[in-house]
Undergrad: 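Sending over a structure as structure tokens; questions will come in a sec.
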Amino acid sequence: MRYQLILVLVFLNSVLAFSQENFTKHTVSKGETISEIAEKYDVKVTDIYKLNHNAKNLLKLHSVLLIPVAHSKNTKIVSRTKTNKSERTHEVLAKETLYGLSRQYGITVDELNQANPNLGSNSLTIGQKIKIPAHALPSTEIAVVSQSKKESAVVPQATENTNQSTEENTREVLPHETKYSIAKQYGITIQEFNKANPKIGVKSLKVGQKIIIPANAILTTEKAVVSETIVEKAKEEIAVVHQSKKEKLKAELVEKNQSTIAANAMAQDIIREVLPKETKYGIAKQYGISVQELEKQNPEITKKLPVGFKLNIHAFNAPEKEVAIAKVEVNNNNNNNNNNNNSVVENNTIETTKAEIKTFVNMASRNTDFLDQLINKAAENIGTRYQTGGTSKSGFDCSGLMCNTFGAFDIKLPRSSIEQSGFGTKVEAEEAKKGDLIFFKTNGRNQINHVGMVVEVCEGEIKFIHASVGNGVIISSTRENYYKRKVVQVNRVL
């Protein structure tokens with residue numbers, strides 16, 4: 001029994017001796033993290049967790065931790081303890097993240113979270129104070145040195161002719177400036193800026209604060225000046241081109257105005273008589289003016305255009321023959337009471353020329369542009385339903401469509417297809433052209449009962465637009481079996 005007691009006491013003494021030899025106790029201070037403690041004693045965090053399972057959840061203030069002792073590293077522990085610095089506080093800047101801070105200070109995100117237990121998973125806010133573990137600072141310095149070595153290896157050695165300044169510059173912080181904006185402005189990194197301004201640390205910049213710009217930033221600034229000079233030169237060249245274009249445009253406008261003035265000076269005041277079947281559109285087109293301008297010059301014809309009415313036309317491109325005729329008419333009116341014989345001669349001249357005028361008007365009216373406008377006007381109604389007696393978009397019959405189309409250009413046609421067949425001049429089907437009226441007998445009687453307008457003639461085929469009973473307004477062809485043998489007449493209205 002006595003021997004057993006002695007053995008137990010020996011075992012306990014050996015365990016106590018082993019514990020004193022291999023472990024030490026550490027009391028947790030305010031703000032300490034498990035990483036800092038492991039760094040302090042130069043041991044692994046996992047080794048501390050093995051002896052202190054509760055430490056994985058949360059370190060309690062003034063709690064005691066068992067720390068394994070590494071005898072072979074005592075020298076390192078002493079030296080590291082001597083050089084260990086107190087933890088710092090970092091003020092969060094715009095767009096900074098935990099990951100970015102961990103990279104900046106050479107630590108992990110977990111270590112930042114342990115140093116700031118109240119941080120949790122919330123995102124950082126500008127101006128927020130973040131604790132930086134003390135052991136992180138040497139890592140930052142090492143990173144700066146490493147970065148400097150890399151940059152010095154990349155940058156070629158300056159020759160004797162290189163105009164590189166070795167002096168640092170000092171300047172004041174301007175409103176809204178940050179470390180990031182200043183570093184970007186001078187082409188340096190934030191680490192280089194911090195190295196040149198160690199007193200600032202991680203604090204935010206203040207307006208008017210004196211800062212040092214590293215010497216290697218001057219070259220970047222000079223490049224920026226050169227780049228700015230190139231941009232300014234490019235702007236000047238662009239401005240010269242724009243000015244040249246403006247002057248050219250101005251010259252063109254002046255030339256155009258002079259042409260307009262010259263045209264106005266050449267304009268003629270014409271007096272002409274309205275002939276049978278003439279329209280406002282045809283007369284206006286003949287003299288190069290609009291129908292509105294014609295009505296403005298002759299308000300009496302606003303509602304109708306009486307045959308024989310004498311128009312006063314201020315025209316720019318009146319035919320010379322028209323001008324001569326107008327002069328004859330004016331002279332005739334002035335001298336009518338003075339010389340009856342001359343009046344007879346002049347009147348005969350006027351009557352002779354009226355036929356020529358009529359021919360000229362008819363030729364001008366067949367202008368391709370006008371015919372295209374006429375066809376386009378009719379084509380606007382394609383798909384409109386058939387309606388007996390209809391003359392509008394709500395419904396058309398065949399003659400109603402023709403009245404509506406030609407009436408849009410102030411050309412009045414008789415209302416029925418049989419009456420329209422007597423309007424204009426008959427031409428052979430082989431001579432049919434765009435704008436002609438084409439007539440059919442479709443009811444089995446010996447009388448015209450259908451009309452359309454020619455829109456295209458090609459190799460004997462005539463395509464025409466019309467209002468059909470079954471399909472409304474459509475385009476058909478004389479080669480269709482239904483219409484092939486029912487064409488009886490083509491009239492040229494224009």
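Hydrogens, waters and symmetry mates play no part in the numbers below; they use all other heavy atoms, side chains included. For reference, positions follow the sequence shown, starting with 1.
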Undergrad: So, does Q297 use its side chain to make a donor-acceptor pair with the main chain of L294 at under 3.5 Å?
TA: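 Side chain of Q297 to backbone of L294, a donor-acceptor pair under 3.5 Å: no, none is there.
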Undergrad: When you measure from the side chain of K280 to the backbone of T302, do you find a donor-acceptor pair of N or O atoms at a distance under 3.5 Å?
TA: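 Here the side-chain-to-backbone pair exists.
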Undergrad: Determine whether L374 and T405 make a side-chain contact, defined as any pair of heavy atoms from C-beta on separated by less than 4.5 Å.
TA: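 Yes, their side chains come closer than 4.5 Å.
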Undergrad: Could you go through F409 and F370, starting from their C-alpha distance and side-chain angles, then the distance that decides it, and tell me whether this counts as ring pair (Phe, Tyr, Trp, His ring centres under 6.0 Å)?
TA: CA-CA 9 Å; F409 298 92; F370 170 66; 5.2 Å; yes
Undergrad: Determine, stepwise, if the pair L101 / V109 fulfils side-chain contact (heavy atoms from CB on, under 4.5 Å).
TA: CA-CA 8 Å; L101 292 177; V109 176; over 6 Å; no
Undergrad: Evaluate the criterion salt bridge (charged side-chain N to carboxylate O under 4.0 Å, His left out) for residue pair E192 and K195; output intermediate values, then yes/no.
TA: CA-CA 5 Å; E192 289 175 321; K195 185 178 179 181; over 6 Å; no
Undergrad: With a 4.5 Å heavy-atom cut-off, do R415 and T391 have their side chains touching?
TA: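 A side-chain contact exists here, since the closest heavy-atom pair is under 4.5 Å.
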Undergrad: Any donor-acceptor pair under 3.5 Å linking the side chain of N116 with the backbone of K131?
TA: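 It does hold such a pair.
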Undergrad: Looking only at atom types and distance, does a side-chain atom of N404 sit under 3.5 Å from a main-chain N or O of G400, one as donor and one as acceptor?
TA: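 Checked: no pair found.
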Undergrad: Please tell me if the side chains of I37 and E32 come closer than 4.5 Å, counting only heavy atoms from C-beta onward.
TA: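 Answer yes - side chains close enough.
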Undergrad: Is the CG atom of N54 crowded by more than 12 outside heavy atoms at less than 6.0 Å?
TA: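 Check fails, neighbour count at 12 or below.
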Undergrad: Using distance only, find each side-chain donor-acceptor pair of residues 460-472 under 3.5 Å and give its atom names and separation, not counting sequence neighbours.
TA:
from: E461; atom 1: OE2; to: S477; atom 2: OG; distance (Å): 2.6
from: H466; atom 1: ND1; to: H450; atom 2: NE2; distance (Å): 2.8
from: H466; atom 1: NE2; to: S476; atom 2: OG; distance (Å): 2.7
from: S468; atom 1: OG; to: N471; atom 2: N; distance (Å): 3.1
from: S468; atom 1: OG; to: G472; atom 2: N; distance (Å): 3.4
from: S468; atom 1: OG; to: G472; atom 2: O; distance (Å): 3.1

Undergrad: Not counting sequence neighbours, which residues clear salt bridge (charged side-chain N to carboxylate O under 4.0 Å, His left out) with E177? List them please.
TA: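 With neighbours one apart ignored, the set is R171.
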Undergrad: Does one side chain, of H90 or Q104, offer a donor that lies under 3.5 Å from an acceptor on the other?
TA: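 Side chains of H90 and Q104: no pair found under 3.5 Å.
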Undergrad: Is there a side-chain contact between L205 and I200 in this structure, where contact means two heavy atoms from C-beta onward sitting under 4.5 Å apart?
TA: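 The answer is yes, as the side chains (C-beta and beyond) meet within the 4.5 Å cut-off.
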Undergrad: Does the ring centre of F440 sit less than 6.0 Å away from the ring centre of Y483?
TA: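 When the ring centroids of Y483 and F440 are compared, they turn out to be within the sub-6.0 Å range.
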Undergrad: Would you say the side chains of H314 and E293 form a donor-acceptor pair under 3.5 Å?
TA: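 No, no side-chain donor-acceptor pair sits under 3.5 Å.
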Undergrad: How long is the span from the CG atom in L124 to the CD1 atom in I130, to the nearest 0.5 Å?
TA: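 With rounding to 0.5 Å, CG (L124) is 5.0 Å from CD1 (I130).
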Undergrad: Looking at side-chain heavy atoms only, is the closest gap between N113 and T108 below 4.5 Å?
TA: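 N113 does not reach T108 side chain to side chain.
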Undergrad: Ignoring hydrogens and geometry, is there a side-chain-to-backbone donor-acceptor pair from D47 to P68 under 3.5 Å?
TA: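 Not confirmed, D47 side chain does not pair with P68 backbone.
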Undergrad: Under the 3.5 angstrom rule, does the side chain of D397 hit a backbone N or O of G389 as a donor-acceptor pair?
TA: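 At least one qualifying donor-acceptor pair exists.
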Undergrad: So, N376 side chain and D372 main chain: donor-acceptor pair closer than 3.5 Å or not?
TA: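 Yes: the side chain of N376 pairs with the backbone of D372.
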Undergrad: Whether the T33 and S35 side chains hold a donor-acceptor pair (N or O, under 3.5 Å, no angle test) is what I'd like checked.
TA: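 No, S35 and T33 have no side-chain donor paired with an acceptor closer than 3.5 Å.
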Undergrad: Under the rule for salt bridge (charged side-chain N to carboxylate O under 4.0 Å, His left out), what residues qualify as partners of K210, not counting sequence neighbours?
TA: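 Applying salt bridge (charged side-chain N to carboxylate O under 4.0 Å, His left out) to K210 gives E172.
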Undergrad: Would a 4.5 Å heavy-atom cut-off, applied to side chains only, mark E111 and Y105 as touching?
TA: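 No, their side chains stay 4.5 Å or more apart.
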